[in-house]
Amino acid sequence: LSGRILWDEGMASTAYAWTKENPGGLMIGLVGADHVKFEDGITGRYQRMTQGNQDCVSVILNPTLIDTRPSGSVNVATNNAFSGA
């Protein structure tokens, strides 16, 4: 876990440095879903660094239920909303 935190912090820091050096530029990062989930990854860290002075948008392609809800918020085994049960 600590490795992932450092990795995300490093990527956010690099993006932040680039956007500071290139005002008006457009930074696009193609990263795995685990790096942008729940604002704890790259996007959240980048927003912290910019103090809300830069736009930051993340898009997860083909998300699953686990990609869109924090751990423990949905019990997949008993969630039968779409099963017809």
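- At most 12 non-hydrogen atoms from other residues, nucleotides or ligands lie less than 6.0 angstrom from CH2 of Trp7.
- Distance CD/Gln54 to NZ/Lys20: 10.5 Å, rounded to 0.5 Å.
- Interatomic distance, CG of Leu6 versus CE of Met11, reported as 11.0 Å (0.5 Å rounding).
- Judged purely by atom type and a 3.5 angstrom limit, Thr14 uses its side chain to pair as donor or acceptor with the backbone of Gly10.
- One finds the CE atom of Met27 at 13.0 Å from the OH atom of Tyr16 (value rounded to the nearest 0.5 Å).
- Between Asp8 atom CG and Arg45 atom CZ the span is 5.5 Å, to the nearest 0.5 Å.
- Residue Asn22 qualifies as enclosed at atom CG: its count of foreign heavy atoms under 6.0 Å is above 12.
- Taking both residues in full, the closest heavy atoms of Tyr46 and Thr19 are given as OH-OG1, 3.0 Å, listed atom of the first, atom of the second, then distance.
- Remark: Asn53 CG to Gln47 CD distance equals 11.5 Å, nearest 0.5 Å.
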